[in-house]
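The next block holds one structure in the form of structure tokens; read it before the comments.
Proteins get letters first, then strands, A, B, ... in listed order; numbering begins at 1 in each.
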2 protein chains.
Amino acid sequence: MKVQDHQLQVPGLRMTKQRKEVYRALLENQDHPSASELHSYMQTTDSPMSLATVYNCLEAFVEHGAVKQVNIDREPTRYCENSVQHGHFHDQKTGKIHDVNFKNGMNVSDLLDLPLGTEISNIEITLKGSISN
Amino acid sequence: MKVQDHQLQVPGLRMTKQRKEVYRALLENQDHPSASELHSYMQTTDSPMSLATVYNCLEAFVEHGAVKQVNIDREPTRYCENSVQHGHFHDQKTGKIHDVNFKNGMNVSDLLDLPLGTEISNIEITLKGSISN
DNA sequence: AATTAGTTTAGAATTATTCTAAAAAAGACT
DNA sequence: AGTCTTTTTTAGAATAATTCTAAACTAATT
Ligand SMILES: [Mn+2]
Ligand SMILES: [Mn+2]
Ligand SMILES: [Zn+2]
Ligand SMILES: [Zn+2]
């Protein structure tokens, strides 16, 4: 997937050359990369940059809600550019992570018995398993 | 809460002195401790033991399904003795983690649009937020 | 242009966790 | 009990993801 330069915007965040290219990498290859995978990839582009910068960019995106972190056990954190609410399925055969959308109109509070007064700022749902066939 | 010695059993696992006492610590103080918190606590009991042993015991319990790991961002892994299916709520004001049960008869597949053929072996649901009042 | 504020960078530091290999404990058998 | 075998515990070293530091650079502002 090709992303135009003017689409590389994160509201409220100054888009430097490095941030643009990291964001482009996330949008163009939606494969939930880790910081170091992303860093390796950046080295192959015409915007090589340091690993610290990759971490700095990702942190900025997460703070601004444009990117989500995906935590799977103790594995390196992976990053997801899909900013609509969703969960993740970790296929143990392939190692790949797939986005899983919420069913229409459904909400975590339909699944869980939340104590009264609970105000949720972040939801992380991670499934592990395999796909038959 | 007091737990009798004969309740300190995990099916299929040899219960050594150390394993019994770590398991007892988890059952008696259900507060989702990290390995190092648990280690500090063990030092105050009459079964002080090494940090490596705490990790080894916890790993054995997790393998045997008696204990669940709780991953919250990059914080140290926390351990939960509640072996029925549930999620976790991380109260950002207090830092405490609370168990959140599934609503009666509800299932992740009621909330999420899982691709056909998906076989789930592990579910981790972690919410972050605060409680008003 | 000069000043200021924010960003990038290399490399060092941190730290949760895992590994190693030797000692201790537990189980099996006699 | 005593011997043999397997598993567990342990201290300390190693690993590796992430964060920190402080200097160089870039971008925005006056
Ligand atoms: Mn990639
Ligand atoms: Mn405790
Ligand atoms: Zn995703
Ligand atoms: Zn729990």
Margin query: Just to be sure I understand the rule, does B:Thr16 reach a base, reach only the sugar-phosphate, or reach nothing, if contact means heavy atoms closer than 4.0 Å?
Written below: sugar-phosphate
Check: Taking atom P of C:dT9 as reference, at what distance in whole Å does atom NE2 of A:His39 sit?
Finding: 8 Å
Note to self: Within a 6.0 Å radius of atom NZ on A:Lys103, are there more than 12 heavy atoms belonging to other residues, nucleotides or ligands?
What the structure shows: yes
Check: Is B:Thr77 touching bases, backbone alone, or none of the nucleic acid, heavy atoms closer than 4.0 Å?
Finding: sugar-phosphate
Item checked: side-chain N/O A:Arg19 vs C:dT7 OP1/OP2, d < 4.0 Å -> yes
Notebook entry, point to check: Which residue lies toward the 5' end of DNA chain D, A:Glu59 or B:Ser50, if each is placed at its nearest nucleotide?
Noted result: B:Ser50
Check: Starting at CG of A:Leu58 and ending at P of D:dA17, how long is that distance when rounded to a whole Å?
Finding: 15 Å
Notebook entry, point to check: Can you tell me how far P of C:dA26 sits from CG of B:Leu13, to the nearest Å?
Noted result: 14 Å
Next item on the list: Report the distance from atom OH of B:Tyr55 to atom P of C:dT17, rounded to the nearest whole Å.
Entry: 3 Å
Check: In terms of the nearest nucleotide of DNA chain C, which residue is placed more toward the 5' end: B:Glu75 or B:Gln18?
Finding: B:Glu75
Next item on the list: In plain terms, say whether B:Lys68 and B:Glu124 are close enough for a salt bridge, that is, a side-chain N and a carboxylate O under 4.0 Å apart.
Entry: no
Check: Within the pair A:Thr53 and C:dT8, is there a side-chain N or O less than 4.0 Å away from OP1 or OP2?
Finding: no
Checklist line | Whole-Å distance separating the CD atom of A:Glu63 from the P atom of C:dG6 | finding: 13 Å
Next item on the list: Begin with the C-alpha distance, continue with both residues' side-chain angles, and end with the deciding distance and a verdict on side chain to side chain contact (heavy atoms under 4.5 Å, CB included) for B:Val10 and B:Met15.
Entry: CA-CA 7 Å; B:Val10 172; B:Met15 291 308 270; 4.1 Å; yes
Notebook entry, point to check: Which part of the nucleic acid does A:Ser34 contact within heavy-atom distance under 4.0 Å: base, sugar-phosphate only, or nothing?
Noted result: nothing
Notebook entry, point to check: In whole angstrom, what separates A:Met15's CE from C:dT8's P?
Noted result: 10 Å
Check: Taking atom C1' of C:dG11 as reference, at what distance in whole Å does atom CG of A:Leu51 sit?
Finding: 12 Å
Check: Can A:Asp91 and A:Lys128 be counted as an ion pair, charged N to O under 4.0 angstrom?
Finding: no
Note to self: I want to check one thing: is the phosphate of C:dG6, taken as OP1 and OP2, less than 4.0 Å away from some side-chain N or O of A:Arg14?
What the structure shows: no
Item checked: Electrostatic pair B:Arg24:B:Asp5 at N-O distance under 4.0 angstrom -> yes
Notebook entry, point to check: Between D:dT10, D:dT18, C:dT8, which one does the side chain of A:Asn56 approach most closely?
Noted result: C:dT8
Item checked: Separation of C:dA16 P from B:Leu38 CG (nearest whole Å) -> 15 Å
Next item on the list: Would you mind telling me which residue lines up with the more 5' stretch of DNA chain C, A:Ala52 or B:Pro76, judged by nearest nucleotide?
Entry: A:Ala52
